[in-house]
Amino acid sequence: MSKTLYDKLWDAHLVKQRDDGSALIYIDRHIVHEVTSPQAFEGLRLADRKLWRVDSILATPDHNVPTTSKERESGVEGIEDPVSKIQVQTLDDNCDSFGITEFKINDKRQGIVHVIGPESGASLPGMTIVCGDSHTATNGALGALAHGIGTSEVEHVMATQCLVAKKMKNMLVRVDGRLQAGVTPKDVVLAIIAKIGTAGGTGYAIEFGGQVFRDMSMEGRMTVCNMAIEAGARAGMVAVDQTTIDYVKGRPFAPTGEIWDQAVEAWQNLVSDADAVFDTVVEIDGNGIDPQVSWGTSPEMVLPVHGVVPDPKAETDATKKAGIERALEYMGLEAGQAIKDIHLDRVFIGSCTNSRIEDMRAAASVIKGRKKAASVKEAIVVPGSGLVKAQAEAEGLDKIFTDAGIEWREPGCSMCLAMNADKLGAGEHCASTSNRNFEGRQGYGGRTHLVSPEMAAAAAIAGHFVDVREF
Amino acid sequence: MKAFTQHKGLVAPMDRANVDTDMIIPKQFLKSIKRSGFGKNLFDELRYLDEGQPDQSCEGRPLNPDFALNQSRYQGASVLLARENFGCGSSREHAPWALDDYGFRAIIAPSYADIFYNNSFKNGLLPIVLSEAQVEQLFAEMYKNEGYELSIDLEEQLVITPSGEKIAFEIDEFRRHCLLNGFDDIGLTLQDADAIKAYELKRQASAPWLFNAIKAGV
């Protein structure tokens with residue numbers, strides 16, 4: 001019987017199908033960070049349980065770490081927020097006592113969990129990959145089954161190497177055609193979420209297929225898979241092709257020699273069969289996608305850059321109408337206002353969605369030779385890992401940013417969720433390359449607009465949103 | 001996990017769609033390394049008029065009088081009535097921890113985000129799915145009748161209104177079974193330890209690259 005990529009990944013990891021409809025699924029790779037793991041370690045200790053397979057785990061602190069070089073200089077000791085410091089220290093202590101490999105705060109390989117997994121080769125095609133973080137779907141770009149889990153499940157995987165799961169449904173999101181210059185993977189995924197809604201993918205594993213994804217780099221595919229959860233799907237994935245294999249080759253934890261050849265042969269099969277049946281198929285014309293900007297407080301509240309903020313009066317559904325009204329009030333916007341007339345107080349380029357080397361290059365290409373608008377209080381670029389940072393510096397990208405009056409920071413999650421000191425003030429508008437525009441997400445009362453790195457860079461220069469294609 | 005069999009309790013509303021887990025428990029409270037104590041910060045940004053800080057006492061903080069959970073008629077509520085896509089966004093299990101710590105035992109909504117739904121069961125918090133029309137009916141009845149209580153019977157898969165109307169709900173058999181018995185998930189899975197080991201041996205032979213060790217020196 002023909003299978004989808006997801007069917008194949010599921011079948012290959014099925015340890016046991018139980019009579020009650022649940023299944024035991026084997027987990028190949030477990031990535032751990034400081035926020036969602038302490039209670040899991042505590043649970044193991046309380047029950048006197050051991051790790052099933054310690055060498056399947058890779059840990060790094062990312063959510064709480066400061067991003068200024070001053071605060072980073074003295075490692076964990078230098079973290080000024082005492083509560084954050086305890087959490088980062090707790091991860092170090094837990095990893096040390098359980099024997100888990102951790103890229104500690106000042107290890108050059110430290111970074112955002114979803115950036116370092118693929119970058120180090122810890123995440124490979126065909127794997128099941130979990131992490132106590134909803135953006136784990138990023139790893140699905142490798143042709144893997146990757147998704148976020150809660151802390152109870154973190155503990156469960158640590159103790160058993162398995163998850164109790166129920167198979168999801170299959171959705172294909174096909175985007176054919178060719179993207180216009182200036183239109184990026186971020187715009188593609190925002191356009192997808194705008195179309196299917198934040199609950200559109202609930203209960204599904206999404207495969208992103210079609211010419212646009214075939215033409216896309218691995219970094220771009222990661223941006224798209226990263227935001228599958230914003231469409232409600234725990235897992236997003238892209239089939240393996242030569243781009244995937246070229247990306248993985250030579251990474252520190254990737255196989256070598258004969259085993260590499262064996263692996264590559266097996267990975268060729270990580271595609272949906274030509275006649276595989278999906279429960280739902282969504283089609284979008286890639287030629288018609290414009291640069292996107294979110295205007296509201298949900299990732300489905302997205303418009304093309306030349307759009308105008310919607311009028312709640314035009315909405316007939318009472319719950320949706322109330323949602324639009326609340327979003328307009330929170331965002332301080334008026335119905336009919338042009339997206340291009342939204343002025344920015346801050347700009348954030350970073351997060352697990354857009355902090356890989358390509359994102360740094362894309363932002364730098366727009367900024368080169370220009371200056372940040374004086375009306376923008378602060379613009380920061382936060383690379384996704386120490387290795388991304390080093391690569392960007394080797395290419396001189398840091399200089400392009402700092403010459404423009406934009407800050408170049410140390411790696412971490414930073415202002416995507418503002419658990420560290422990088423946050424928005426109340427009422428401030430931010431052009432952000434992150435993934436969530438929820439109320440308060442980037443700081444109490446902060447107003448987030450989700451965009452691509454190119455669009456964020458252009459907004460930092462202009463002081464308001466502009467169409468990067470005309471910039 | 002904590003068992004759930006039957007429950008009767010006061011109903012409170014969370015009358016908006018797409019309530020995300022950032023809203024249920026804002027990130028600053030995620031810095032805790034404990035599993036308890038999140039209840040006082042449940043819906044912090046909606047509930048209080050100031051910005052909450054971790055390790056801060058909430059006594060004396062200014063309350064938002066418009067927020068349902070601050071109104072006298074909803075004090076002591078243990079059943080939360082909500083709208084579609086409840087619990088979307090971040091996978092933080094702190095969301096069900098906060099709801100549980102506050103005193104909620106069950107939620108009723110037309111739909112939930114997958115990870116939140118899953119996390120709730122791990123904490124003995126029952127997320128019930130009813131149709132949009134049924135949820136709408138319960139909202140209307142609740143707003144009309146102060147002290148509105150619902151009875152929930154997981155064994156029979158029923159929500160029972162004060163008038164005695166019985167509304168059936170669906171739930172996966174394995175989730176229902178685990179919750180009714182308060183099973184320890186890990187203990188249950190470890191009963192299959194032999195099957196897991198057998199799987200590993202087979203996989204190691206056919207796909208050895210999946211067992212590449214994560215080592216510090218690499």
Side-chain angles (χ1 to χ4, degrees), chain A residues 15-16 18 20-22 24 26 28 35-36 38-39 49 55-58 64 83-84 86-87 90 101 122 124 127 132-134 148-152 155-156 159-162 164 166 198-199 202-203 232 234 252-253 255 259 263 266 298 319 322-323 326 417-419 436 438-441 444, chain B residues 1 16-18 20 22-23 26-28 30-35 45 51 54-55 83-85 88-94 96 111-115 118-119 122-123 172-175 177 184-186 188-190 192-193 195-196 199-200 203 206-216 218:
Chain A
V15 173
K16 187 178 179 179
R18 291 167 163 172
D20 59 10
S22 68
L24 272 189
Y26 191 81
D28 297 312
V35 179
T36 56
Q39 298 87 351
R49 284 180 171 133
D55 65 10
S56 69
I57 307 174
L58 176 61
N64 275 278
V83 198
S84 290
I86 290 171
Q87 201 164 50
T90 302
T101 300
L124 294 173
M127 277 185 164
D133 192 292
S134 61
I149 54 178
T151 298
S152 294
E155 185 181 337
H156 192 279
T160 70
Q161 212 59 37
C162 289
V164 179
K166 197 183 154 191
T198 52
T202 303
R234 291 179 82 172
F253 294 125
I259 298 198
S298 161
T319 307
R326 215 167 17 235
L417 88 168
M419 271 189 86
R436 289 188 175 133
F438 298 151
E439 290 183 22
R441 170 84 179 180
Y444 186 76
Chain B
M1 72 167 77
R16 55 161 93 185
N18 301 315
D20 57 74
D22 274 84
M23 195 177 280
K27 70 280 195 164
Q28 62 268 39
L30 273 50
K31 296 181 190 184
S32 168
I33 56 170
K34 302 197 186 87
R35 213 180 253 265
E45 292 184 6
E51 182 180 1
D55 290 343
R83 298 287 184 185
E84 62 181 42
N85 199 26
C88 60
S90 154
S91 62
R92 60 190 68 169
E93 198 162 319
H94 310 68
S111 60
Y112 300 88
D114 288 342
I115 303 180
N118 205 29
N119 284 342
K122 311 285 183 197
N123 294 281
D172 287 330
E173 182 48 35
F174 75 95
R175 297 190 196 275
H177 186 61
D184 164 22
D185 269 6
I186 296 177
L188 216 57
T189 299
L190 287 174
D192 286 317
I196 302 169
Y199 172 90
E200 281 182 328
R203 265 309 250 186
S206 63
W209 58 88
L210 294 174
F211 293 82
N212 257 9
I214 299 295
K215 288 178 301 214
V218 175

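Order of the sequence lines fixes the chain letters, A, B, ..., with proteins taken first and strands second; residue numbering starts at 1 for each chain.
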Using a distance-only test with no angle check, is there a side-chain donor-acceptor pair under 3.5 angstrom linking B:Asp185 and A:Ser152?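 Side chains of B:Asp185 and A:Ser152: no pair found under 3.5 Å.
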
For the residue pair B:Gln28 / A:Tyr444, report whether a side-chain donor-acceptor contact shorter than 3.5 Å exists.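 Result is no, nothing qualifies.
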
Under 4.0 Å between a side-chain nitrogen and a carboxylate oxygen: does that hold for [X] and [Y]?
{"X": "A:Arg49", "Y": "B:Asp184", "result": "yes"}
{"X": "B:Asp172", "Y": "A:Lys166", "result": "yes"}
{"X": "B:Asp20", "Y": "A:Arg441", "result": "no"}

Test of understanding: with side-chain hydrogen bond (donor to acceptor under 3.5 Å, both in side chains), list the residues that count as partners of A:Arg436, not counting sequence neighbours.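 Here the qualifying residues are A:Ser134, A:Glu230.
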
Any side-chain heavy atom of [X] sitting closer than 4.5 Å to one from [Y]?
{"X": "B:Leu30", "Y": "A:Met419", "result": "yes"}
{"X": "A:Leu24", "Y": "B:Thr189", "result": "yes"}
{"X": "A:Asp133", "Y": "B:Arg92", "result": "no"}

Where does B:Lys31 contact chain A at under 4.5 Å (heavy atoms): side chain, backbone, both or neither?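 Contact with chain A is through both the backbone and side chain of B:Lys31.
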
At a heavy-atom separation under 4.5 Å, does B:Asn119 approach chain A through its side chain, its backbone, both, or neither?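 The side chain, not the backbone.
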
Side chain to side chain contact (heavy atoms under 4.5 Å, CB included), paired with B:Ile33, selected from A:Thr90, A:Val35, A:Val83: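 Between B:Ile33 and the candidates, side chain to side chain contact (heavy atoms under 4.5 Å, CB included) is satisfied uniquely by A:Thr90.
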
Flag the one option from A:Leu417, A:Thr319, A:Val164 with the top tally of heavy-atom pairs under 4.5 Å to chain B.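 Heavy-atom pairs under 4.5 Å are most numerous for A:Leu417.
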
